[in-house]
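Input: a single structure, listed below in structure tokens.
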Amino acid sequence: MNSKNAKNSFEVYGAEDVKHCCRVLEGAKDGYDCYGFGINELVYEGIANGFNNYRISFDLFVDASNEVHYSTFCTNSSNLFACIGLRNKSHCILNRQYTKEEYEKLVPRIIEHMNSMPYIDKKGRVYKYGEFFPPELSPFAYNETIAQEYFPLTREQAIEQGYFWKDPEPRNYEIQIKNDQIPDHIKDVGDDIINKVIECAHNIGTSDVPKCNEQCTEAFKIIPQELAFYRKMSIPLPRLCPNCRHYQRIKQRNPLKLWHRKCMCGGAQGNPSTGSGHSYRNAATHIHGEHPCPNEFETSYAPKRPEIVYCEACYNSEVV
Ligand SMILES: [Zn+2]
Ligand SMILES: [Zn+2]
Ligand SMILES: [Zn+2]
């Protein structure tokens, strides 16, 4: 929304000149390959960098800083290389203080070394200067991160691609309410539901329907405030554990993916039903007149979805 030159980017609000970025906030400029940043300028391959950064790269959680590279959790700093947790510092390498002159001499030597003796991971992938940290140095397993929400993998796929996988920890509980015993209506739920161990619908894996890949906890409980809320709003009890519910909500959103498509406006008659989807009759005249609209564009609506997708001009003619 309200953005300019945002290419292959998602959830971008009021940003300019960004590419391959996701979750970008008002005032961001010149970002590439980043997830989550605010007012930053010239930011490359970063995760969750905060506000007021300038010229930073390969960082995580860097805030109010400039010329900070391969660093994490640093704030209000400048000219850092491979540092962690520094505040109000400048000209540091691996958290060690140098003079400006030493720093400017050392960093190019380290970069040269990174290129001549790069890190090579278990899969044989080479990480020279210019690559983000390898996933095998991540303290988190693939399925513990939001990567699994946006780009779900099976355990086998993740391990094959060189990621860690966190297997569920064995727990000691007994399911007290089987999933098919959950009452349909909240009025049939007694106070004794509190603290009962309820089975998630996804726990019932059969050879035909395997268990889900949604970090299912297999069972869940209801807390008193939650029960009071369901009663007040007359909402039935959930049938899925919180993790599986979370994944169902994500499925309702469009994926972080674009398809090249043609405007579906067929001219004066609009978009008559093709049998599978909706139909729509135009109420206004469009710039392309009687003929089908020739515009093509990128959209996060997959071609086989039922929605009618118009180009911006046709959409504006009808809606605005
Ligand atoms: Zn579940
Ligand atoms: Zn159009
Ligand atoms: Zn049109």
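Counting from 1, the numbers follow the sequence of the chain as shown. Just follow the structure's listing: the first ligand is 1, and inside any ligand the first atom is 1.
Looking at K178 and E199, a side-chain N of the basic residue comes within less than 4.0 Å of a carboxylate O on the acidic one, giving a salt bridge.
Under a cutoff of 6.0 Å and an axis angle of 45°, R253 and Y150 do not form a cation-pi pair.
The SG atom of C244 and the SG atom of C216 meet at the Zn ion (ligand 1) at an angle of about 110°, given to 10°. Considering the Zn ion (ligand 2) as centre, the angle to SG of C314 and to SG of C293 is 110° (10° rounding). The Zn ion (ligand 3) is the vertex of the angle joining NE2 of H288 and SG of C265, which measures 100° to the nearest 10°.
When distances to the Zn ion (ligand 2) are checked against a cut-off of 2.8 Å, C263 contributes an N, O or S atom below that limit. Distances from the Zn ion (ligand 1) show that C212 has no N/O/S atom below 2.8 Å. Note on C311: counted as a metal contact of the Zn ion (ligand 2), an N/O/S atom lying under 2.8 Å. H286 lies close to the Zn ion (ligand 3), since one of its N, O or S atoms is found at a distance under 2.8 Å.
The two residues E45 and C34 make their nearest non-hydrogen contact at N-SG, 3.8 Å.
Counting heavy atoms from C-beta outward, Y310 and Y280 have side chains that approach closer than 4.5 Å.
Without hydrogens or angle criteria, N53 side chain to S65 main chain gives a donor-acceptor distance under 3.5 Å.
The structure places NZ of K196 at 12.5 Å from CD of E174, a figure rounded to the nearest 0.5 Å.
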